[in-house]
Amino acid sequence: MRERILILLVAMLATVSLWAGDKGKATWPEEWRNVKYAKQEVLPDARISKGEAVVKVRLLNYDPSKKLELMVGGFQPLGQKESFHKSYPLADDGTATVRVPLRLVRTAIVGIEDVAFAPVLLAPGETVEVLMDARGGDCCFLAFKGYMARTNMERAAEYERCERDRETISRRMYDGLQQCTTPDERIGFLRHDYEQNIARIRKMKATEATRMLLTMEEEAMLIDWLGVFGGVYLDLAQHMRAVSINNEEDYKALYRQYADLLPVRQGAEALAPFSQYLIMTSAKAPACPAFWRVHGWSRDDAPQYSRDLMNAQRIIQDAVDRSAVDSIYHSIKSPDCRALVDDFRAEQQQAEQALTSQGGVYLHDLDTVAPERVVPEILRRYPGRVVLFDLWATWCGPCRMGHQTMAPLKEDLKNQPVVFVYLTNDTSPMQSWGDMIKEIPGEHYYLTRPQFSYLLEQLYHSQGIPTYALYAPDGTLAWQHIGYMETNDEASAAIERALPATGK
């Protein structure tokens, strides 16, 4: 959600000069001193074209002792379940070249931590070159060359200025909504703000591509506000430090409270007059990051190819009910979008076969087991032993820290009748899960989402992960703990208490 607020802020600002960094051009490398930008650039229609985008970065005034890294990411590659986010070390001369696998023109976030970041358009088979200044300041992105160079320069300038004015704009939005007392007033405020921002964008001396991308981001932000007001407003309130959240219950209570300020029904009705949004109707929309989050509002008369792309990606991400997968798949008309799903399924099948050939890895063994029977079924496989469950996910930092903390304990107990069982579900992308468990000795189960939710919420009454549960050899729950443990003392003591029944 916070990323969505940031996107709104970007579009509120007028463009700054492309050549804000020209004053230091004399110190630029020779090949960068006479960069020429196209007068006009237009976004391409979305079409799958598998290849690699090349990103070349040169950082001026770089101190090699700082060991900085180029970061590229912030998007979900078409045909994959996982987000793309990777870091690449800079050479001593401040340069880096990376290749990003792509199937579609996309916006990525490119930059260097502690220097600057910006949204950059990438395309399969195209190269983007970036000149940056390590000294920071008001203009870290000095120039672009290659694919959509002028559009990328314009968006980088917008992004940097947005960062400078972020607090001011957030304050204006928060104070404006605070003054509204009814849903209709909130709708009026949001629509007025939207219309002002669109008017600014139309006046910008920028490429058609820049104006279109900023317009679509504005459209998507309004859809978010009117569709899920509670969530967006809660994020804004947190950013303004107007509320503090200590646990999941706090979040749910505040979400419900804020959602009542603008019910979904009224928000949907308010959207009706704005049915011609580019984000829904343009064949170019998939290049905009916001396109991939507004599919729930997509129109039936939106471009068929855009709907096919979205539906293919929804299937790949398991973002649809399993009972609806076949009908959604058959609604896809374009052969290359269907092929995208077919290729992913084939890759998944190969990956699953490779995983299940390993000992102690159980992908679909329990798929048909009722949620309340999962624990008895797993315990049945380890008779006479103490079993420690670790409920975790690949994206959970505290979970991974817990694995490292517990490694010495596992080593100490390797000759004892103790089994470490790791449970996750499909919120952990299978490829990442398969890679991670290679470094986590133990038994690994990939549960269905209902099974995992039942264990977490109903059996262990837990509000988060990691969650640990220890079972004695007779199948009774001997101990449980919710959250990361800095030491193994508590778990070790619990295991010691359970071990005597094994005849230790």
Side-chain angles (χ1 to χ4, degrees), residues 81-83 245-252 318 355 360-363 365-366 371-372 374-379 381-382 385-414 416 418-472 475-499:
K81 290 184 72 170
E82 301 180 61
S83 295
I245 294 177
N246 300 313
N247 53 53
E248 187 176 355
E249 289 305 313
D250 286 351
Y251 181 89
K252 289 179 179 178
D318 293 323
L355 275 172
V361 179
Y362 307 96
L363 257 175
D365 292 47
L366 305 181
E372 62 273 15
V374 166
V375 168
E377 174 58 28
I378 294 176
L379 295 178
R381 301 180 178 199
Y382 309 106
R385 284 180 275 184
V386 174
V387 179
L388 178 62
F389 286 166
D390 180 337
L391 281 70
W392 73 292
T394 57
W395 42 264
C396 169
C399 298
R400 299 194 299 271
M401 292 166 59
H403 298 159
Q404 296 173 4
T405 299
M406 201 166 285
L409 177 63
K410 292 162 67 174
E411 180 65 22
D412 292 343
L413 295 171
K414 65 181 179 181
Q416 298 295 331
V418 181
V419 182
F420 292 83
V421 174
Y422 296 86
L423 310 175
T424 192
N425 69 355
D426 61 6
T427 63
S428 295
M430 192 186 68
Q431 183 177 349
S432 292
W433 179 69
D435 290 340
M436 287 185 183
I437 63 176
K438 295 174 184 177
E439 307 299 324
I440 309 171
E443 302 282 287
H444 295 272
Y445 290 82
Y446 201 74
L447 304 181
T448 66
R449 206 166 299 192
Q451 290 170 340
F452 193 85
S453 296
Y454 171 81
L455 297 186
L456 199 64
E457 299 169 9
Q458 297 186 47
L459 186 59
Y460 302 130
H461 304 288
S462 172
Q463 296 178 347
I465 52 177
T467 289
Y468 305 94
L470 182 73
Y471 287 86
T476 58
L477 180 62
W479 168 82
Q480 77 173 71
H481 180 93
I482 300 170
Y484 169 65
M485 296 180 291
E486 293 185 357
T487 72
N488 291 319
D489 295 348
E490 188 179 340
S492 178
I495 293 171
E496 286 294 324
R497 290 193 298 270
L499 275 173

Check your understanding: Is there side-chain contact between Tyr468 and Met406, with at least one heavy-atom pair below 4.5 Å?
Key -> yes
Review point. Ignoring hydrogens and geometry, is there a side-chain-to-backbone donor-acceptor pair from Trp395 to Thr427 under 3.5 Å?
Key: yes
Check your understanding: Is a side-chain donor or acceptor of Tyr445 paired with a backbone partner of Asp365 at a separation under 3.5 angstrom?
Key -> no
Check your understanding: Which value, rounded to the nearest 0.5 Å, describes the distance between Leu477 atom CG and Leu470 atom CG?
Key -> 8.0 Å
Exercise for review: Determine whether more than 12 heavy atoms belonging to other residues, nucleotides or ligands lie under 6.0 Å from atom CD of Gln431.
Suggested key: no
Point to revise | Tyr422 side chain near Ile440 side chain, heavy-atom distance below 4.5 Å | key: yes
Check your understanding: Checking side-chain contact (heavy atoms from CB on, under 4.5 Å) against Leu423, which of Ile378, Asp390, Thr467, Ile465 comes through?
Key -> Ile378
Revision key, fill the gap. On a heavy-atom basis, the closest approach of Gly434 and Lys438 is O-CG, 3.4 Å
Review point. Looking at side-chain heavy atoms only, is the closest gap between Met430 and Leu355 below 4.5 Å?
Key: yes
Practice item. Inspect the surroundings of CD in Glu486 and state if more than 12 heavy atoms from other residues, nucleotides or ligands are less than 6.0 Å away. Key: no
Revision key, fill the gap. CD (Gln404) and CD (Glu439) are apart, to the nearest 0.5 Å, by 10.5 Å
Exercise for review: First locate atom CH2 of Trp479, then atom CG of Leu388, and finally report the distance between them rounded to the nearest 0.5 Å.
Suggested key: 6.0 Å
Review point. Passes side chain to side chain contact (heavy atoms under 4.5 Å, CB included), Leu379 versus Phe389? Steps please.
Key: CA-CA 10 Å; Leu379 295 178; Phe389 286 166; 4.1 Å; yes
Review point. Is Ser462 reaching over with its side chain to a backbone N or O of Leu456, donor-acceptor style, under 3.5 angstrom?
Key: no
Practice item. Give a yes or no answer on whether the side chain of Gln480 reaches the backbone of Tyr460 with a donor-acceptor pair at less than 3.5 Å. Key: yes
Check your understanding: Would a distance-only check, ignoring hydrogens and angles, find a side-chain to backbone donor-acceptor pair under 3.5 Å from Gln451 to Leu366?
Key -> yes
Exercise for review: Kindly compute the distance separating CD (Glu490) from CD1 (Ile495), expressed to the nearest 0.5 Å.
Suggested key: 11.0 Å
**Study point:** Ring geometry between Trp392 and His403 (parallel below 30°, tilted from 30 to 60°, perpendicular above 60°)
**Key:** perpendicular
**Study point:** Heavy-atom closest contact (Ala478 atom, Ala472 atom, distance)
**Key:** CB-N, 4.3 Å
**Study point:** Student check: side-chain heavy atoms of Leu499 and Val386 closer than 4.5 Å
**Key:** yes
Exercise for review: Would you indicate whether the side-chain heavy atoms of Thr448 and Tyr454 approach each other to under 4.5 Å?
Suggested key: no
Practice item. Ignoring hydrogens and angles, tell me if any N or O in the side chain of Asn488 forms a donor-acceptor pair with the backbone of Thr405 under 3.5 Å. Key: yes
**Study point:** Polar contact flag, side-chain donor to acceptor under 3.5 angstrom, Glu443-Tyr362
**Key:** yes
Practice item. Without swapping roles, check the side chain of Lys410 against the backbone of Phe420 for a donor-acceptor pair under 3.5 Å. Key: no
